[in-house]
Amino acid sequence: MSTEVSRPLRSDATDNRQRILAAARVAFGSRGFDVPMREIARRAAVGLATVYRRFPTKEALFAEAFAEQLALCSAIVEEGLAEPDPWRGFSLVLERLMEAHARDRGFRALLAQLPHTADVATDRDRTLRMLLDLLHRAKESGQLREDIVLEDVILAMMANEGIQARSPELRVAASRRFAALMLQSFRARPEPTPLPPAVRLPLPLP
């Protein structure tokens, strides 16, 4: 870590840093990793040199902008692995990842636009390995279908991204119902259980 990063920032520098990070989350979320740094500086209302002074590379900015989301993903999967019942652990992970994704659209950028950087890739790969371990345990217990693969979980997350609702609260409620439906389809021996309440969603125009 550089001396500049470790030294306490002045209040104006702290404000600039927070504006840059907020602008980066929006820009990466809407345009992907290819968004120019100049565009992020414009959104943050700071000079390009200010952005590079705080974040020398786009990869460093991306990693910092989504550090909280990545840490939350890892924490959720770790909690699932700690569950004695593998199916309950898997269910917890899918439910909470989908809810977090529904609450914070920054997860879309994190999942879909991960750059090939050492810091982010290492944390991401560790989380994916833990998730694979959880899938293996759930299959060994006989509760998860043998043909379920990691890509099926990613597919469910991508479908969860498509939920359109009139408010964040309704989007989260719809996500909970969708997670319950997915868990029923993933289970080796489906056991019909009451679903969370249905949510009225806007119908797509023909």
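Just the heavy atoms: all of them, side chains too, but no hydrogens, waters or symmetry mates, feed the values below. What you see is a predicted model, and the numbers here were worked out from it, not measured in a lab.
- Considering all non-hydrogen atoms of both residues, Leu201 and Ala165 come closest at CD2-CB, 3.9 Å.
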Throw together a table of side-chain donor-acceptor distances under 3.5 angstrom for residues 149-159, partners on residues two or more places apart or in other chains.
| residue | atom | partner | partner atom | Å |
| --- | --- | --- | --- | --- |
| Asp152 | OD2 | Val149 | N | 2.9 |

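- Looking at heavy atoms from C-beta onward, Glu39 lies in side-chain contact with Arg43 at the 4.5 angstrom threshold.
- The shortest distance between side-chain heavy atoms of Pro86 and Gln143 falls below 4.5 Å.
- Residues Leu72 and Ala100 share a closest heavy-atom pair of CD2-CB, 4.0 Å.
- Taking all atoms of both residues into account, the shortest heavy-atom contact from Ala102 to Asn160 is N-ND2, 4.1 Å.
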Worksheet item: Does the salt bridge (charged side-chain N to carboxylate O under 4.0 Å, His left out) test come out yes or no for Glu99 and Arg96, once each step is laid out?
Response: CA-CA 5 Å; Glu99 180 171 342; Arg96 296 193 179 175; over 6 Å; no

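- The shortest distance between side-chain heavy atoms of Glu59 and Phe33 falls below 4.5 Å.
- The minimum heavy-atom distance between Val51 and Ala41, with the atom names listed, is CG2-CB, 3.6 Å.
- Taking each heavy atom of Ser141 and Ala138 in turn, the nearest pair found is OG-O, 2.7 Å.
- Residues Val26 and Phe28 fall into different hydrophobic clusters, defined by Ile, Leu, Val, Met, Phe, Trp and Tyr side chains chained together at heavy-atom separations under 4.5 Å.
- Ser175 contributes no side-chain N or O that, together with a main-chain N or O of Arg171, makes up a donor-acceptor pair within less than 3.5 Å.
- In this structure, Val172 and Arg176 have side chains that are in contact, with non-hydrogen atoms separated by less than 4.5 Å.
- A continuous path of Ile, Leu, Val, Met, Phe, Trp and Tyr side chains, each step under 4.5 Å between heavy atoms, connects Met182 with Leu132, placing both in one hydrophobic cluster.
- Here the CG-CG distance, from Leu144 to Leu135, works out to 6.0 Å after rounding to the nearest 0.5 Å.
- One finds the CG atom of Leu131 at 8.5 Å from the CG atom of Leu81 (value rounded to the nearest 0.5 Å).
- Here the CD-CZ distance, from Gln18 to Arg54, works out to 11.5 Å after rounding to the nearest 0.5 Å.
- For the atom pair CZ of Phe55 and OG1 of Thr50, the computed distance is 11.5 Å after rounding to the nearest 0.5 Å.
- Put simply, Leu92 and Leu181 are part of two different groups of oily side chains (I, L, V, M, F, W, Y) that touch within less than 4.5 Å, one to the next.
- To the nearest 0.5 Å, atoms CD (Gln69) and OG (Ser74) are separated by 12.0 Å.
- Residues Leu48 and Met37 are in side-chain contact: their nearest non-hydrogen atoms beyond the backbone lie under 4.5 Å apart.
- Under the 4.5 Å side-chain criterion, counting only non-hydrogen atoms from C-beta, Leu183 is in contact with Glu95.
- Rounded to the nearest 0.5 angstrom, Asp15 CG and Ile20 CD1 are separated by 11.0 Å.
- Listed by chain and residue number, Arg126 satisfy the side chain to side chain donor-acceptor pair (under 3.5 Å) test with Glu78 (two or more places apart in sequence, or in another chain).
- A salt bridge links Arg17 with Glu64: the distance from a Lys NZ or Arg NE/NH1/NH2 to an Asp or Glu carboxylate oxygen falls below 4.0 Å.
- Residue pairs that meet the side chain to side chain donor-acceptor pair (under 3.5 Å) test with at least one member in residues 177-190, sequence neighbours left out, are Gln184-Thr193.
- Contact record, Gly80 with Val93: CA-CG2, 3.7 Å, taken as the closest heavy-atom pair.
- Side-chain contact between Phe66 and Arg25 is present, with at least one heavy-atom pair separated by less than 4.5 Å.
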